[in-house]
Peer 1: 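One structure, pasted below without further comment.
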There are 2 protein chains.
Amino acid sequence: MDSTGVDAGLLRSRYRLTKQRSAVLHALDDGEHLTAEDLLDRVRRQLPGVSLGTIYRTVDILRELGLVQIFTHNGMAARYEASLSKHHHLVCDVCRDITNVNVPTLGPVIKGIAAQYRYDDVDASLTVTGRCASCAARAPASTFEGTVEDRD
Amino acid sequence: MDSTGVDAGLLRSRYRLTKQRSAVLHALDDGEHLTAEDLLDRVRRQLPGVSLGTIYRTVDILRELGLVQIFTHNGMAARYEASLSKHHHLVCDVCRDITNVNVPTLGPVIKGIAAQYRYDDVDASLTVTGRCASCAARAPASTFEGTVEDRD
DNA sequence: CTCTCTGCAAAGCATTTGCACATTG
DNA sequence: CAATGTGCAAATGCTTTGCAGAGAG
């Protein structure tokens with residue numbers, strides 16, 4: 001089993017390095033903001049017998065070890081991504097597409113809030129919603145402010 | 001039925017103003033970031049027969065009308081609040097307490113992202129997590145950086 | 001060899017939905 | 001009175017969990 005790459009974090013931890021966990025770790029590099037089902041599909045290409053329960057148990061310990069970030073928005077299924085770099089998300093209200101985005105200017109904003117409310121060890125997640133360029137091109141004009149809600 | 005206060009938005013809409021909906025609207029003023037169950041409890045004080053299904057259907061149309069904001073974080077149950085003013089949330093990792101927070105400096109950050117990625121009609125939700133002052137006081141010292149994860 | 005992990009299947013929980021009856025405008 | 005809304009209970013979808021056997025160290 002590969003013990004020098006993405007697996008290193010697990011090896012150093014109090015958890016055992018199993019082939020299922022290694023496969024999940026590798027699958028995480030195989031796409032952005034993957035759902036548990038997405039991960040299951042990818043993991044099963046290598047290791048057909050793996051169960052969804054194992055995916056959930058694995059991402060949970062990877063989160064505890066700081067190796068994955070979990071993204072949720074409204075009631076949608078959780079998305080998992082390797083903790084390579086801190087980033088935030090842009091979600092299209094129309095097509096539900098998710099884009100990763102770096103927001104370097106957010107740091108000072110968060111520091112300010114932490115200081116004002118006396119919070120320690122702060123982290124933050126910013127989710128920007130709106131209509132992406134392709135959906136705007138495809139859709140009827142919208143000249144008014146505020147939420148654009150179709151009544152289905 | 002009161003038709004001049006919080007009910008006005010519903011009255012002007014294509015939806016009927018029922019006593020259940022009015023009660024939900026009033027219940028929303030009765031606390032911050034309330035869960036569906038919280039709303040149900042409050043609504044039932046006035047109107048004992050109301051069902052959870054009605055709460056969910058009602059908050060959904062209120063969201064569509066822009067009268068409530070919905071806050072979710074990780075897998076937690078959704079929280080509902082009247083759309084009085086735009087605000088964001090501070091969530092304590094330890095006690096799970098939620099604090100509303102105004103973040104006036106966020107506007108330019110979001111505008112920048114919208115421009116860069118060509119998104120229209122953008123909105124944003126910022127959730128800052130960390131350890132609140134009372135939990136920090138109560139807990140063992142934490143001098144290292146990063147997430148503080150107790151193994152239960 | 002012991003402790004941890006896994007697959008399976010069942011349970012859990014928040015939310016949604018179908019339907020027959022009640023209510024609104 | 002026609003259209004819409006409601007209560008109830010069942011269904012849904014994601015996630016978690018108990019257990020007995022498999023695998024890691």
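Worth saying up front: this structure is predicted, and the values here are computed from it rather than measured. Proteins get letters first, then strands, A, B, ... in listed order; numbering begins at 1 in each.
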Peer 1: Using atom NZ of B:Lys19 as one end and atom C1' of D:dG7 as the other, report the distance to the nearest whole Å.
Peer 2: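 Going from B:Lys19 (NZ) to D:dG7 (C1'), I get 12 Å.
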
Peer 1: From the set D:dT15, D:dA24, C:dG7, return the single nucleotide nearest to any side-chain atom of A:Ala36.
Peer 2: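 Shortest atom-to-atom distance from the side chain points to D:dT15.
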
Peer 1: With the side chain counted from C-beta on, respond yes when B:Arg42 and B:His26 share a heavy-atom pair under 4.5 Å apart, and no when they do not.
Peer 2: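 B:Arg42 vs B:His26: side chains apart.
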
Peer 1: Whole Å only: how far is the CG atom of B:Asp7 from the P atom of C:dT24?
Peer 2: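 Those two atoms, CG and P, are 13 Å apart.
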
Peer 1: Would one find a side-chain N or O of B:Thr54 under 4.0 angstrom from OP1 or OP2 of D:dG7?
Peer 2: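 For D:dG7, OP1/OP2 do have a side-chain N/O of B:Thr54 under 4.0 Å.
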
Peer 1: Quick one: which of A:Leu39, A:Thr35, A:Leu34 gives a side chain to side chain contact (heavy atoms under 4.5 Å, CB included) with A:Glu37?
Peer 2: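 The side chain to side chain contact (heavy atoms under 4.5 Å, CB included) with A:Glu37 is passed solely by A:Thr35 among A:Leu39, A:Thr35, A:Leu34.
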
Peer 1: Could you state the CG-P distance from A:Asp60 to D:dC14, rounded to the nearest angstrom?
Peer 2: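 Distance check: A:Asp60 CG to D:dC14 P gives 18 Å.
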
Peer 1: Using side chain to side chain contact (heavy atoms under 4.5 Å, CB included) as the criterion, point out the one residue from B:Ile55, B:Ile61, B:Leu47 that pairs with B:Val24.
Peer 2: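 Of B:Ile55, B:Ile61, B:Leu47, side chain to side chain contact (heavy atoms under 4.5 Å, CB included) with B:Val24 is met by B:Ile55 alone.
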
Peer 1: If you draw a 6.0 Å radius around CZ in A:Arg96, do more than 12 non-hydrogen atoms from other residues or ligands fall strictly inside?
Peer 2: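 More than 12 within 6.0 Å, yes.
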
Peer 1: Taking only the side-chain nitrogens and oxygens of A:Tyr56, find out if one of them lies under 4.0 Å from OP1 or OP2 of D:dT16.
Peer 2: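 No, because none of the side-chain N or O atoms of A:Tyr56 sits under 4.0 Å from OP1 or OP2 of D:dT16.
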
Peer 1: How close or far is atom C1' of D:dG7 from atom CZ of B:Arg21, stated in whole angstroms?
Peer 2: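 B:Arg21 atom CZ is separated from D:dG7 atom C1' by 14 Å.
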
Peer 1: May I have the distance from B:Leu17 (atom CG) to D:dT6 (atom C1'), rounded to whole angstrom?
Peer 2: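 To the nearest whole Å, that distance equals 15 Å.
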
Peer 1: In what stems does DNA chain C take part, counting only runs of at least 3 consecutive Watson-Crick or G-U pairs whose two distances fall under 3.5 Å?
Peer 2: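 Looking at DNA chain C, the stems formed by three or more consecutive pairs are C:1-25 with D:1-25.
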
Peer 1: Please list, by residue number, the residues of residues 42-49 of chain A whose heavy atoms come closer than 4.0 Å to an atom of DNA chain D; answer none if no residue qualifies.
Peer 2: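 Here the set is empty: none.
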
Peer 1: So, is B:Thr35 near the phosphate of C:dA14, with a side-chain N or O under 4.0 Å from OP1 or OP2?
Peer 2: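 No, outside the criterion.
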
Peer 1: Once you apply a heavy-atom cut-off of 4.0 Å, does B:Arg57 come out as touching a base, just sugar-phosphate, or nothing?
Peer 2: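 Counting heavy atoms under 4.0 Å across all strands, the contact made by B:Arg57 includes a base.
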
Peer 1: Take atom CD1 of B:Ile61 and atom C1' of D:dT6, then tell me their distance rounded to the nearest Å.
Peer 2: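 Distance check: B:Ile61 CD1 to D:dT6 C1' gives 12 Å.
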
Peer 1: Using atom OH of B:Tyr15 as one end and atom P of D:dA3 as the other, report the distance to the nearest whole Å.
Peer 2: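 After rounding, the reported distance stands at 17 Å.
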
Peer 1: When rounded to the nearest 0.5 angstrom, what distance separates NE2 in A:His88 from CG in B:Leu126?
Peer 2: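 So the gap between those two atoms works out to 8.0 Å.
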
Peer 1: Both B:Arg16 and B:Ile55 contact DNA chain D. Taking the nearest nucleotide for each, which residue is further toward the 5' end?
Peer 2: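 The 5'-side residue here is B:Arg16.
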
Peer 1: Could you state the atom-to-atom distance from CD of A:Glu37 to P of D:dT16 in whole Å?
Peer 2: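 Whole-Å distance recorded here is 14 Å.
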
Peer 1: How is B:Gln20 classified with respect to the nucleic acid when contacts are heavy atoms under 4.0 Å: base, sugar-phosphate, or nothing?
Peer 2: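 Contact class for B:Gln20: sugar-phosphate only.
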
Peer 1: Look up atom CD in B:Gln69 and atom NZ in B:Lys86, then write down how far apart they are to the nearest 0.5 Å.
Peer 2: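 These two atoms lie 5.5 Å from each other.
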
Peer 1: Please determine if A:Asp60 and A:Arg57 form a salt bridge, counting it only when a charged side-chain N lies under 4.0 Å from a carboxylate O.
Peer 2: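 Between A:Arg57 and A:Asp60 there is no salt bridge, as every charged N stays at least 4.0 Å from the carboxylate O atoms.
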
Peer 1: Residues two or more places apart in sequence or in another chain: which of them pass ring-ring contact (aromatic ring centres under 6.0 Å, His included) with B:His89?
Peer 2: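 Here the qualifying residues are B:Phe71, B:His87.
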
Peer 1: Using a 3.5 Å distance criterion without hydrogens, assess whether the side chain of B:Arg21 forms a donor-acceptor pair with backbone atoms of B:Arg16.
Peer 2: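 Yes: the side chain of B:Arg21 pairs with the backbone of B:Arg16.
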
Peer 1: Quickly, which of A:Leu62, A:Asp38, A:Leu84, A:Val43 forms a side chain to side chain contact (heavy atoms under 4.5 Å, CB included) with A:Leu28? Name it, please.
Peer 2: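 It is A:Leu62, the one option of A:Leu62, A:Asp38, A:Leu84, A:Val43 that forms the side chain to side chain contact (heavy atoms under 4.5 Å, CB included) with A:Leu28.
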
